[in-house]
Amino acid sequence: MYTADEIISYMESLRNEAQREVLMRFFKTGPGEYGEGDEFLGLKVPQTREVVKAVKGDISLAEVAKLLDSRWHEVRLCGFLLLVSMFEKLATKRLVNDAEAIKKRDEIVDFYLQHAHQANNWDLVDLSAPKLLGAWLMLPTTFGPEGDAKKRQVMDSLAFSDAQSMGLTALWRQRIGMVSTWKTTQQGDPSWCLRYAEVHVRHPHDLMQKAVGWMLREVGKRVSIDLLRDFLRQHADEMPRTMLRYAIEQMSADERRQWLGKEEER
């Protein structure tokens with residue numbers, strides 16, 4: 001099995017100073033910014049994916065935990081992508097109802113949630129949450145008859161993370177919950193998205209405003225544009241402009257102007 005030290009050593013050998021500077025600006029690592037203090041090696045995402053591909057899931061959760069605790073942003077991304085890879089191998093059609101696979105999937109989700117605070121930038125969230133937590137919402141679990149209620153409890157714990165006590169960690173937990181609904185919406189179930197879009201409809205941070213608007217747009221695209229319009233009729237007047245713009249992005253120019261006009265009339 002691979003060790004975290006082996007993976008980190010290899011990724012450090014790929015360090016690119018010029019790309020590192022670009023990424024640190026792009027991911028807002030300056031004083032007072034949402035990624036303040038984050039450190040980068042300067043690897044591009046495809047390079048990190050190649051590492052994940054090479055490992056082939058041949059690593060323990062204890063070693064993944066070491067990756068998630070790394071100072072390096074790309075190493076943490078590698079850890080999260082390894083969890084996704086491990087989860088997906090346990091969610092194939094052949095294993096979807098297998099008792100041992102169900103147990104292991106639940107263990108991976110629990111591990112992911114325990115380390116959610118390490119997903120401390122939007123890319124770490126967006127590249128892991130939908131394919132892991134979002135997929136889990138649609139699969140059998142060890143919870144039995146209480147499964148739906150337990151899943152809602154998990155998602156609610158993310159949505160209602162308290163910014164006053166948790167600081168920026170709350171933002172990332174909230175985004176994990178919100179973008180996880182991408183997967184359920186893709187499969188024709190908009191209820192998760194609509195539930196948490198309503199919770200965050202007045203969110204003050206632009207990263208959540210963009211996430212909510214993006215997920216609502218997916219409801220209109222994947223499920224029903226009329227369902228999106230119904231949500232907007234109820235909430236457009238209280239949505240931040242960024243959120244509204246993201247939600248209506250794929251509507252016609254005339255309809256976008258109509259919704260934005262309503263927002264400007266408040």
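Any value given below was found using the heavy atoms of this structure, including those in side chains, with hydrogens, waters and symmetry copies removed. Remember, predicted model here, so these are calculated numbers, not experimental data. Heads up: numbering here begins at 1 and tracks the sequence.
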Which value, rounded to the nearest 0.5 Å, describes the distance between [X] atom [atom1] and [Y] atom [atom2]?
X	Y	atom1	atom2	answer
Thr142	Asp110	OG1	CG	9.5 Å
Lys221	Leu216	NZ	CG	14.5 Å
Gln250	Leu228	CD	CG	10.0 Å
Trp136	Ile102	CH2	CD1	12.5 Å
Ile7	Glu12	CD1	CD	12.0 Å
Leu171	Met166	CG	CE	11.0 Å

| Can you list the residues that meet the salt bridge (charged side-chain N to carboxylate O under 4.0 Å, His left out) rule with Arg229, with sequence neighbours excluded? | Asp226, Glu255
Look only at the side chain of [X] and the backbone of [Y], and say whether a donor-acceptor pair between them is shorter than 3.5 Å.
X	Y	answer
Asn121	Leu124	no
Lys151	Leu137	yes
His235	Phe231	no
Arg256	Met251	yes
Arg245	Leu260	no
Glu6	Thr3	yes
Ser85	Leu82	no

Enumerate the residue pairs fulfilling salt bridge (Lys or Arg N to Asp or Glu O under 4.0 Å) with a member in [range], sequence neighbours excluded, ordered by first and then second residue.
range	result
residues 153-166	Asp156-Arg195
residues 66-91	Asp38-Arg76, Glu39-Arg71, Glu63-Lys66
residues 210-219	Asp206-Lys210, Arg217-Glu249, Glu218-Arg222

Could you list the residues that satisfy ring pair (Phe, Tyr, Trp, His ring centres under 6.0 Å) with [X], not counting sequence neighbours?
X	result
Trp182	Trp214
Phe27	Phe40, His73, Trp122
His205	none

So which heavy atom on [X] is nearest to which on [Y], and how close?
X	Y	value
Leu232	Ala247	CD2-CB, 4.4 Å
Val201	Pro240	O-CD, 3.1 Å
Gly57	Met86	CA-CG, 4.2 Å
Ala101	Leu90	CB-O, 3.7 Å
Leu168	Tyr34	CD1-O, 3.3 Å

| Quick one: are the ring centres of Phe80 and Tyr112 less than 6.0 Å apart? | yes
Between [X] and [Y], is there a shared hydrophobic cluster once you connect ILVMFWY residues whose side-chain heavy atoms come closer than 4.5 Å?
X	Y	answer
Ile225	Ile248	yes
Tyr2	Val84	yes
Phe111	Phe143	yes
Val55	Leu14	yes
Met239	Trp259	yes

| query | Which of these passes side-chain contact (heavy atoms from CB on, under 4.5 Å) with Leu113: Val154, Ile108, Leu132? | reply | Val154
| field | Option among Val51, Val45, Leu43 that satisfies the side-chain contact (heavy atoms from CB on, under 4.5 Å) test with Leu77 | value | Val45
| task | Start with the C-alpha distance between Arg15 and Trp72, add both sets of side-chain angles, then the distance that settles side-chain contact (heavy atoms from CB on, under 4.5 Å), and finish with yes or no. | result | CA-CA 11 Å; Arg15 182 169 177 151; Trp72 302 118; 3.3 Å; yes
With sequence neighbours excluded, tell me which residues meet side-chain contact (heavy atoms from CB on, under 4.5 Å) with [X].
X	value
Gln234	none
Asp254	Ser252, Arg257
Glu36	Pro31
Leu227	Pro190, Leu194, Val219, Val223, Ser224

| Steps toward salt bridge (Lys or Arg N to Asp or Glu O under 4.0 Å) verdict (Glu17, Arg20) | CA-CA 5 Å; Glu17 285 297 328; Arg20 176 177 175 270; 3.7 Å; yes
Exceeds 12 heavy-atom contacts within 6.0 angstrom, atom [atom1] of [X]:
X	atom1	value
Arg202	CZ	no
Asp148	CG	no
Tyr10	OH	no

| message | What verdict does the side-chain contact (heavy atoms from CB on, under 4.5 Å) test give for Asp189 and Thr181, after you've listed the backbone C-alpha separation in whole Å, the side-chain angles of each residue and the deciding distance to 0.1 Å? | response | CA-CA 9 Å; Asp189 180 3; Thr181 70; over 6 Å; no
| request: Before giving the answer on side-chain contact (heavy atoms from CB on, under 4.5 Å), spell out for Arg49 and Leu127 the whole-Å C-alpha distance, their side-chain angles and the decisive distance to 0.1 Å. | output: CA-CA 11 Å; Arg49 289 193 183 279; Leu127 292 174; 3.6 Å; yes
| query | Can you check salt bridge (Lys or Arg N to Asp or Glu O under 4.0 Å) on Lys103 and Asp106, steps first, answer last? | reply | CA-CA 5 Å; Lys103 179 182 176 182; Asp106 283 1; over 6 Å; no
| request: Output, in order, the C-alpha distance, side-chain angles, deciding distance and verdict of side-chain contact (heavy atoms from CB on, under 4.5 Å) for Ser128 and Leu81. | output: CA-CA 6 Å; Ser128 62; Leu81 292 180; 5.7 Å; no
Do any side-chain atoms of residues 172-179 form donor-acceptor pairs under 3.5 angstrom with protein atoms, and if so which ones, sequence neighbours left out?
residue: Arg173; atom: NE; partner: Ser161; partner atom: OG; Å: 2.8
residue: Arg173; atom: NH2; partner: Ser157; partner atom: O; Å: 3.3
residue: Gln174; atom: OE1; partner: His203; partner atom: NE2; Å: 2.6
residue: Gln174; atom: NE2; partner: Ser161; partner atom: O; Å: 2.9
residue: Arg175; atom: NE; partner: Asp126; partner atom: OD1; Å: 3.0
residue: Arg175; atom: NH1; partner: Leu207; partner atom: O; Å: 2.5
residue: Arg175; atom: NH2; partner: Asp126; partner atom: OD1; Å: 3.4
residue: Arg175; atom: NH2; partner: Asp126; partner atom: OD2; Å: 2.6

